[in-house]
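The sequence lines fix the lettering, A, B, ..., with proteins before strands; numbering per chain opens at 1. Note that the structure is a prediction, hence the values are computed from the model and not measured.
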Protein chains: 2
Amino acid sequence: MDLFDEQGFENVTVEQVAAEVGISARSFHRYFPAKEDAVIVEPVGWGEVVRERFAARPADEPVWDGLRAAYESLLATPGRDEARGKRAMRVLGSTPALRARNLEKHLLWARLLTPLVADRIGGSDATLRAEAIVQASLGCFDIALAAWATDTTGADPKVLLRVAFDALTALREDRLP
Amino acid sequence: MDLFDEQGFENVTVEQVAAEVGISARSFHRYFPAKEDAVIVEPVGWGEVVRERFAARPADEPVWDGLRAAYESLLATPGRDEARGKRAMRVLGSTPALRARNLEKHLLWARLLTPLVADRIGGSDATLRAEAIVQASLGCFDIALAAWATDTTGADPKVLLRVAFDALTALREDRLP
DNA sequence: GCCGCAATTGTCAGAGTCTGACAGGAATGG
DNA sequence: CCATTCCTGTCAGACTCTGACAATTGCGGC
């Protein structure tokens, strides 16, 4: 991560990273199928966490609130190094290839959440509408994290997440320009 | 596109594609910086179209309606071959690398639209909220297109787009599970 | 302490994507 | 008809990623 942050993700070869930690390039690819995965970290595991967290929410709670609560549980992970997290997000946001890989991770999350949401909202076109809602919520999560990483005022990520989520519930009444 | 559809995107080499159309692999990469760009088609140009279309909307219209109208103008492109479009979407959805590249295109669109939306909605945290709204709208667009591509009942893409957009304006009142 | 077993790692070779440099041919304009 | 410019092909190279095989390490039983 040091190398990526200093020289830029694309300007660092796998061989450099491997040499830095004293392994061969081949071993690097055994741990990380792709170079990008070294900074994205474990797509599946956290997706499961979000899914379970959302599934545990009360059935009569609006889905939008439940989704936000599920994401908040990720933000609140205690063993989280603030500076390290921000740097990872910064590296992630600086390279197209990384952003793309990150978005793919979210597609995976979406596949986990959509059926749950579809069940809750019901009605016609339930899956299509559920996909829209899940996708939107993931977008809010992404945006809040990005805002948090580039923020210098020490804002609380939960507050940013709430602002993003509220922006969409307010869609209906913004008749004003 | 024929080759990609039959054999799968990853199982077709650039050299095969180049040979098929009678050029060298080097020339292929002059037209398409990356292999994925051969199926994604012109990220920038259409993004500009959406931006202009949205900018031309009346200032007192709700942004959500304006965004939907902007995307509709893409769907309504007259010279659009239905079958070809669906096949492209199918190929696109079948390969992770392509999905990722497609999402990146949408990030580019988001950068074009966000400042316009931020201007219209105003208030505190305008850019953060604008990002959430634009991201959500792009998600709806994506989902509607994917649903259209896999749909066998001949549904109108505009209707699917509307359903997706409406799913988010209805967020507030879904108190029901 | 020694041996067999399994897991981890390194080395080697290869396919595939993408880029830069250079040269030849085709089209365009005077 | 020539000169300039554009397009293309060839060549060479860097890089990511994968498969096959050998070497190493760690561990439990004897």
Side-chain angles (χ1 to χ4, degrees), chain A residues 1-47 87-108, chain B residues 1-47 87-109 111:
Chain A
M1 200 65 87
D2 284 336
L3 288 174
F4 290 155
D5 200 12
E6 291 163 11
Q7 308 181 27
F9 180 77
E10 322 214 64
N11 301 324
V12 180
T13 70
V14 169
E15 225 149 337
Q16 283 178 265
V17 178
E20 187 74 23
V21 295
I23 63 173
S24 72
R26 188 64 184 89
S27 286
F28 175 94
H29 277 114
R30 273 193 259 263
Y31 289 111
F32 307 109
K35 183 182 168 189
E36 290 87 358
D37 295 327
V39 33
I40 298 291
V41 293
E42 209 205 357
V44 182
W46 284 20
R87 187 178 53 173
M89 284 297 301
R90 201 162 355 109
V91 172
L92 200 155
S94 67
T95 305
L98 281 174
R99 282 198 303 268
R101 203 75 162 199
N102 193 45
L103 291 176
E104 270 213 84
K105 172 186 70 177
H106 282 196
L107 280 185
L108 206 148
Chain B
M1 201 63 87
D2 284 337
L3 289 174
F4 290 155
D5 199 12
E6 290 163 13
Q7 307 182 26
F9 180 76
E10 321 214 65
N11 301 324
V12 180
T13 69
V14 168
E15 225 149 334
Q16 283 177 267
V17 178
E20 187 73 25
V21 295
I23 63 174
S24 70
R26 187 66 184 87
S27 285
F28 175 94
H29 277 114
R30 274 192 259 262
Y31 288 110
F32 307 109
K35 184 182 167 189
E36 290 86 358
D37 295 326
V39 34
I40 298 291
V41 293
E42 209 204 357
V44 182
W46 284 21
R87 189 177 52 175
M89 284 297 301
R90 199 158 2 105
V91 173
L92 200 155
S94 67
T95 307
L98 282 174
R99 282 197 304 267
R101 203 75 162 201
N102 191 46
L103 291 175
E104 271 214 84
K105 172 186 70 176
H106 282 196
L107 279 183
L108 207 148
W109 290 17
R111 269 196 285 281

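- Shortest non-hydrogen contact noted between V17(B) and V12(B) is CG2-CG1, 3.7 Å.
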Just the table, please: protein N/O against nucleotides 22-24 of chain C N/O, every pair under 3.5 Å.
none

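- Between G93(B) and R99(B), the closest heavy-atom pair is O-NH1, 2.6 Å.
- At a threshold of 4.0 angstrom between heavy atoms, the contacts of E10(A) with the nucleic acid are absent.
- When rounded to the nearest whole Å, the span between NE2 of H29(B) and C1' of dT10(D) equals 16 Å.
- The shortest distance between side-chain heavy atoms of F4(A) and R87(A) does not fall below 4.5 Å.
- Residues from residues 21-28 of chain A placing a heavy atom under 4.0 Å of any atom in DNA chain D, listed by number, are R26(A).
- Taking atom CG of residue D37(B) and atom C1' of nucleotide dT17(C), one finds them 13 Å apart after rounding to whole Å.
- The distance from atom CG of N11(A) to atom P of dA14(D) is 16 Å, rounded to the nearest whole Å.
- Contact record, A18(A) with F28(A): CB-CB, 4.5 Å, taken as the closest heavy-atom pair.
- Closest approach of I40(B) to L98(B), counting heavy atoms only: CD1-O, 3.9 Å.
- Residues meeting the side chain to side chain contact (heavy atoms under 4.5 Å, CB included) test with S94(A), sequence neighbours left out: none.
- The CD-P distance, from E15(B) to dC18(C), rounds to 13 Å in whole Å.
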message: One pair to check against side chain to side chain contact (heavy atoms under 4.5 Å, CB included): V39(B) and T95(B). What are the steps and the verdict?
response: CA-CA 11 Å; V39(B) 34; T95(B) 307; over 6 Å; no
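- A heavy atom closer than 4.0 Å to some atom of DNA chain D occurs in no member of residues 91-102 of chain A.
- Residue Y31(A) has no polar side-chain atom (N or O) positioned under 4.0 Å from OP1 or OP2 of dT8(C).
- Atom CZ in F9(A) sits about 8 Å away from atom P in dT16(D), given to the nearest Å.
- Of all heavy-atom pairs between E104(B) and A97(A), the closest is OE2-N, 4.4 Å.
- Listed by first and then second residue, the salt bridge (charged side-chain N to carboxylate O under 4.0 Å, His left out) pairs involving residues 3-16 of chain B are D5(B)-R90(B) (not counting sequence neighbours).
- Note on residues 18-31 of chain A: no pairs pass salt bridge (charged side-chain N to carboxylate O under 4.0 Å, His left out), not counting sequence neighbours.
- For the atom pair H106(A) NE2 and L103(A) CG, the distance stands at 7.5 Å (nearest 0.5 Å).
- Summarising the geometry, the separation between NZ on K35(B) and P on dT16(D) is reported as 18 Å, rounded to the nearest angstrom.
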